[in-house]
Enquirer: 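Have a look at the structure that comes next, please.
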Amino acid sequence: MAVPHGESARFSDSPLLTPEELQLAARNHSLPLEALRYDVTPVGLHYVLNHFDIPHLDAREWRLEIGGRVARPFVLSLDDVMRREAVTLSVVLECAGNGRALLSPRPIGMPWLFEAVSAARWTGIRLRALLEEAGVRDDAVELVFSGADRGVQAGVEHDYERSLTVAEALRDEMILAYAMNGAPLLPQHGFPLRLVVPGWYGMAHVKWLTRITATDMPFEGVQQNHYRYRRSLEDRGVPVTRMRVRSLMVPPGIPDFLTRTRHVRAGRHMLEGRAWSGHGSIRSVEVSTDGGANWERASVESGEGAHGWSSWRHAWDARPGTYELVCRAADAAGNVQPPDVDWNVRGIANNCSQRVKAIVA
Ligand SMILES: Nc1nc2c(c(=O)[nH]1)N[C@H]1C(S)=C(S)[C@@H](COP(=O)(O)O)O[C@H]1N2
Ligand SMILES: [Mo]
């Protein structure tokens, strides 16, 4: 189905949220920044983003169909899935729309600030093993992953669906997960089975998976077309795939209730946070206490496996005064986090530095 790419773009340059944004923000939630302290995010603190309603699926009736351009189509029950060899991977997941609310004008959508990111341990089966069993035909170019949730977006009614090229889908680290941090998936995280695509932004990790279809044409569905990096309404843009390099900081001290400005006692503080990239390991994290004028190198410890997040620490001798704390990361591919927001039509793939105001007394 061809979807025109300019259709549902709406923007606001008001500092006030629209009722639509408020409604989305009340349904979904980000990671509280203090929860960056956990190597593995406790499930209840993991960020959540659902486009439509959370489907109510019965594990006994649920089935996964594998079909399309494959030699041997088949259907699996949840028991069939769970009888197979299991693997567990730590994976950092970030919503492509993270940072959207910082843009001006602001694309109307989920108004994330900085914290639409988390890290979990996913247990499931390797996608590759299933695809090899089904025998993907030579004329297949993509695999389409269909969720059980249905809604209307861009004026089109559809199931939530996303595709991956055959080569990408056959990567070893792709898993179909039925457990998160050792427990069955919660309804909001995709019960009973979801796709996990390590290194990619969140939209690729299709929840409530019901169908995997090999196709001989590139997939053009709504959720595929939406996630394109477009500089203007005229620009067709490029697909959004892997997470850009980013770091976040646990705000030190205590918060002011409304402004979240930090109140910090004078003395030595250990600033800490996380860093990740879908383009390779984290090479360095730097910290500034003066809004980015001067930088010092933090110490970095790599995370669990190739797809978890790294942790960083940096000692700060806080003297009385007002500060703007900033952190920035660089990855092994040479990418460095930029200081400013990067405007684009969908408000996606924004990896600008977080800024934390702190009053030391
Ligand atoms: N079926 C389905 N899968 C989905 C979505 C959805 O709305 N429906 N949202 C996607 C988006 S945009 C993100 S950021 C992640 C969020 O995963 P989480 O809620 O488990 O953190 O799920 C992705 N998978
Ligand atoms: Mo997302």
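Start at 1 with the first residue, then count along the sequence. Both counts, for ligands and for their atoms, begin at 1 and track the order of listing.
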Enquirer: Would you mind telling me if ligand 1 is within reach of the side chain of Y227, the backbone, both or neither, using heavy atoms under 4.0 Å?
Expert: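 It is the side chain that touches ligand 1; the backbone stays farther off.
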Enquirer: Quick check on contacts: which atoms of ligand 1 are under 4.0 angstrom from a heavy atom of C95?
Expert: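 That gives atoms 14 (S) of ligand 1.
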Enquirer: Answer side chain, backbone, both or neither: which part of Y201 comes under 4.0 Å from ligand 1, heavy atoms only.
Expert: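 For Y201, no heavy atom sits under 4.0 Å from ligand 1.
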Enquirer: How would you list all residue pairs meeting ring pair (Phe, Tyr, Trp, His ring centres under 6.0 Å) that involve residues 95-127, not counting sequence neighbours?
Expert: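 Matches after skipping sequence neighbours: Y47-W112.
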Enquirer: Do the side chains of E65 and R211 get close enough for a salt bridge, i.e. N-O under 4.0 angstrom?
Expert: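 Looking at E65 and R211, the cut-off is not met.
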Enquirer: Tell me which protein heavy atom sits closest to atom 1 (N) of ligand 1, plus the residue, atom name and distance to 0.1 Å.
Expert: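 Answer, as residue, atom name and distance: D149 OD1, 2.8 Å.
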Enquirer: Can any side-chain N or O of R126 pair as donor or acceptor with the backbone N or O of D172 at less than 3.5 Å?
Expert: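 Present.
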Enquirer: Between K207 and ligand 1, which part of the residue brings a heavy atom under 4.0 Å of the ligand: side chain, backbone, both or neither?
Expert: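 The answer is both, backbone and side chain.
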Enquirer: Of the choices M203, H226, Q153, which has the non-hydrogen atom that lies closest to atom 11 (C) of ligand 1?
Expert: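 Residue with the shortest heavy-atom distance to the ligand atom: M203.
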Enquirer: Note the single closest protein heavy atom to atom 24 (N) of ligand 1, along with its residue, its atom name and the distance in Å.
Expert: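 Here the closest protein heavy atom is H205 O, 3.0 Å.
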Enquirer: Between Q153 and Q223, does any side-chain donor sit less than 3.5 Å from a side-chain acceptor?
Expert: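 Yes, because at least one side-chain N or O of Q153 sits under 3.5 Å from a partner of the opposite role on Q223.
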Enquirer: Closer than 4.0 Å to some heavy atom of N50 - which atoms of ligand 1 meet that?
Expert: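 Under 4.0 Å from N50, ligand 1 has these atoms: 7 (O).
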Enquirer: Compare H51, R194, H29 and give the one whose heavy atom is closest to atom 7 (O) of ligand 1.
Expert: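 Ranked by closest heavy atom to atom 7 (O) of ligand 1, first place is H51.
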Enquirer: So is R346 actually on top of Y201's ring, under 6.0 Å and inside 45° of the axis?
Expert: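 No cation-pi geometry.
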Enquirer: Looking at atom 10 (C) of ligand 1, what's its closest protein heavy atom, distance included?
Expert: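 Looking at atom 10 (C) of ligand 1, the protein heavy atom closest to it is Y160 OH, 3.5 Å.
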Enquirer: Supply the atom-to-atom distance R83 CZ to L78 CG, rounded to the nearest 0.5 angstrom.
Expert: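 If I round to the nearest 0.5 Å, the distance is 10.0 Å.
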Enquirer: Judged by modelled atom types alone, do T165 and E168 share a side-chain donor-acceptor pair under 3.5 Å?
Expert: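 The criterion, which ignores hydrogens and geometry beyond distance, is not satisfied for E168 and T165.
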Enquirer: Which residues satisfy the salt bridge (Lys or Arg N to Asp or Glu O under 4.0 Å) test with E94, sequence neighbours excluded?
Expert: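 E94: salt bridge (Lys or Arg N to Asp or Glu O under 4.0 Å) contacts with R246.
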Enquirer: I need the atoms of ligand 1 closer than 4.0 Å to a non-hydrogen atom of W208, numbered in the order shown.
Expert: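 Every atom of ligand 1 under 4.0 Å from some heavy atom of W208: 1 (N), 2 (C), 8 (N).
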Enquirer: Please say whether more than 12 non-hydrogen atoms of neighbouring residues, nucleotides or ligands are located less than 6.0 Å from CZ in R60.
Expert: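 Open: at most 12 neighbouring heavy atoms sit under 6.0 Å from CZ of R60.
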Enquirer: Please classify the Y47 to ligand 1 contact at 4.0 Å (heavy-atom distances, strictly less than): side chain, backbone, both or neither.
Expert: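 Looking at Y47 and ligand 1, atoms from backbone and side chain both fall under 4.0 Å.
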Enquirer: Give me the residue, atom name and distance of the protein heavy atom closest to atom 23 (C) of ligand 1.
Expert: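 Looking only at protein heavy atoms, the one closest to atom 23 (C) of ligand 1 is G202 O, 3.3 Å.
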Enquirer: At what distance, to the nearest 0.5 angstrom, does CZ of R260 lie from CD1 of I254?
Expert: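 Going from CZ on R260 over to CD1 on I254, the span is 11.0 Å.
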Enquirer: Under 4.0 Å from a heavy atom of H46: which atoms of ligand 1 are those, numbered in the order shown and with their elements?
Expert: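 Per the distance check, 21 (O).
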Enquirer: Checking a contact table here: which protein heavy atom is nearest atom 9 (N) of ligand 1, and how many Å away?
Expert: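 The protein heavy atom lying closest is L49 O, 3.4 Å.
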